[in-house]
K.L.:
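Can you keep this structure in mind? I'll have questions shortly.
Every chain is numbered from 1 and lettered A, B, ... according to where its sequence line falls, protein lines coming before strand lines. Being a predicted model, the structure only gives us computed values, none of them experimental.
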Amino acid sequence: VIRLTREPIDYAGLTERVRSPHCGAVVTFLGTVRDITGEKTTVALDYEAYGGMAEKKLAEIEADVRQRWPVGDVAMIHRLGRIEVGEISVAVAVSCPHRADAFAACRHAIDRLKELVPIWKQEHWADGRTEWAHP
Amino acid sequence: MIVRVRLFARARDLAGEDALEIDLPSGGSVADLRARLGETCPALKPLLTRAAVAVNEEFAGDEVIVLPSAEVALLPPVSGGSDG
């Protein structure tokens with residue numbers, strides 16, 4: 001399952017979707033909008049995607065994860081638009097027969113997602129300023 | 001040839017447009033495109049050295065030749081892996 005959405009992420013449903021009797025381990029990562037960065041306070045984030053390329057890159061990451069680990073299923077959802085502090089911006093769920101593989105596969109998927117998928121976030125700071133985040 | 005370059009995030013804000021039409025010589029490369037982008041829209045210059053270029057939804061190195069039918073986009077650095 002790969003999806004970009006403007007709706008709140010149903011992470012319980014996403015986690016349920018990757019479960020299977022063959023997989024003794026399910027790991028779900030939830031990226032959540034954090035309130036404090038250094039000395040600055042965030043009130044919301046705005047996420048923007050290059051949609052077609054983002055979905056293509058997500059599909060490549062899914063294929064890569066399936067090749068490296070004995071994955072039952074993988075699900076990746078990224079939310080777009082304005083997201084308030086405390087809300088979930090991205091969810092990755094992975095099932096594997098054993099937990100070491102499930103943790104490693106989920107970690108790899110979210111790390112690659114952050115590195116390769118063309119999705120940008122704009123900080124809305126508490127003082128009213130906005131700023132595109134960049135490494 | 002005219003190449004339409006889609007702009008995202010900070011690139012779009014700097015240019016004030018969500019796409020730019022760039023006049024690129026036939027057989028021009030991504031490196032040529034970067035140079036022409038800076039000439040056409042100087043506001044983009046601070047970002048150009050750090051931004052990636054995508055051709056047909058794939059990251060494209062400076063040596064890649066841009067074909068007339070290509071879908072081209074300028075991609076500022078993405079959110080990064082250090083947080084969240």
K.L.:
Could you look at A/A54 and say if it's the side chain, the backbone, both or neither that has a heavy atom under 4.5 Å from chain B?
P.N.:
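A/A54 has no heavy atom closer than 4.5 Å to chain B.
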K.L.:
Consider only side-chain heavy atoms of I, L, V, M, F, W and Y, link residues closer than 4.5 Å, and tell whether A/V26 and A/V1 are in one cluster.
P.N.:
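A/V26 does not cluster with A/V1.
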K.L.:
Within the 4.5 Å heavy-atom criterion, are B/D13 and A/Q122 side-chain neighbours or not?
P.N.:
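Contact flag for B/D13/A/Q122 side chains = yes.
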K.L.:
I'd like a table of donor-acceptor pairs (distance under 3.5 Å, sequence neighbours excluded) in which one partner is a side-chain atom from residues 34-47 of chain B, with atom names and distances.
P.N.:
residue: B/R34; atom: NE; partner: B/D62; partner atom: OD1; Å: 2.8
residue: B/R34; atom: NH1; partner: B/L48; partner atom: O; Å: 2.7
residue: B/R34; atom: NH1; partner: B/A51; partner atom: O; Å: 2.9
residue: B/R34; atom: NH2; partner: B/A51; partner atom: O; Å: 3.2
residue: B/R36; atom: NE; partner: B/D23; partner atom: O; Å: 2.9
residue: B/R36; atom: NH1; partner: B/E39; partner atom: OE1; Å: 2.5
residue: B/T40; atom: OG1; partner: B/R36; partner atom: O; Å: 2.7

K.L.:
Identify the two heavy atoms, one from A/V117 and one from B/V78, that lie closest to each other, and give their separation to 0.1 Å.
P.N.:
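It is O-CG1, 3.4 Å.
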K.L.:
Which atoms of A/L116 come close to chain B, meaning under 4.5 Å heavy atom to heavy atom: side chain ones, backbone ones, both, or neither?
P.N.:
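Backbone plus side chain of A/L116, per the 4.5 Å heavy-atom cut-off to chain B.
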K.L.:
Is the CZ atom of A/F103 crowded by more than 12 outside heavy atoms at less than 6.0 Å?
P.N.:
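Atom CZ in A/F103 is not packed in, count stays at 12 or less.
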K.L.:
So, does A/W120 use its side chain to make a donor-acceptor pair with the main chain of B/R10 at under 3.5 Å?
P.N.:
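Looks like no, no N/O pair under 3.5 Å.
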K.L.:
Test of understanding: clusters of I, L, V, M, F, W, Y form through side-chain heavy atoms closer than 4.5 Å, transitively. Do A/V27 and A/F29 belong to the same one?
P.N.:
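No; A/F29 is not reachable from A/V27 via cluster members.
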K.L.:
Just wondering, do A/M53 and B/F8 contact through their side chains at under 4.5 Å, heavy atoms?
P.N.:
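They are not in side-chain contact.
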K.L.:
Same cluster for B/I22 and B/L67 if Ile/Leu/Val/Met/Phe/Trp/Tyr side chains link at under 4.5 Å?
P.N.:
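Different clusters: B/I22 never reaches B/L67 through Ile, Leu, Val, Met, Phe, Trp or Tyr contacts under 4.5 Å.
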K.L.:
With the 4.5 Å side-chain cut-off for hydrophobic clustering, are B/L7 and B/L75 part of the same group?
P.N.:
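No, no single cluster joins them.
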K.L.:
Counting only non-hydrogen atoms closer than 4.5 Å, can you tell me which residues of residues 56-88 of chain A sit against chain B?
P.N.:
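If one takes a 4.5 Å heavy-atom cut-off, the residues of residues 56-88 of chain A near chain B are A/K56, A/K57, A/E60.
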K.L.:
Check the hydrophobic clustering (I, L, V, M, F, W, Y; side-chain heavy atoms under 4.5 Å; chains of links allowed) and say if A/V92 and A/Y47 are grouped together.
P.N.:
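Cluster IDs for A/V92 and A/Y47 match.
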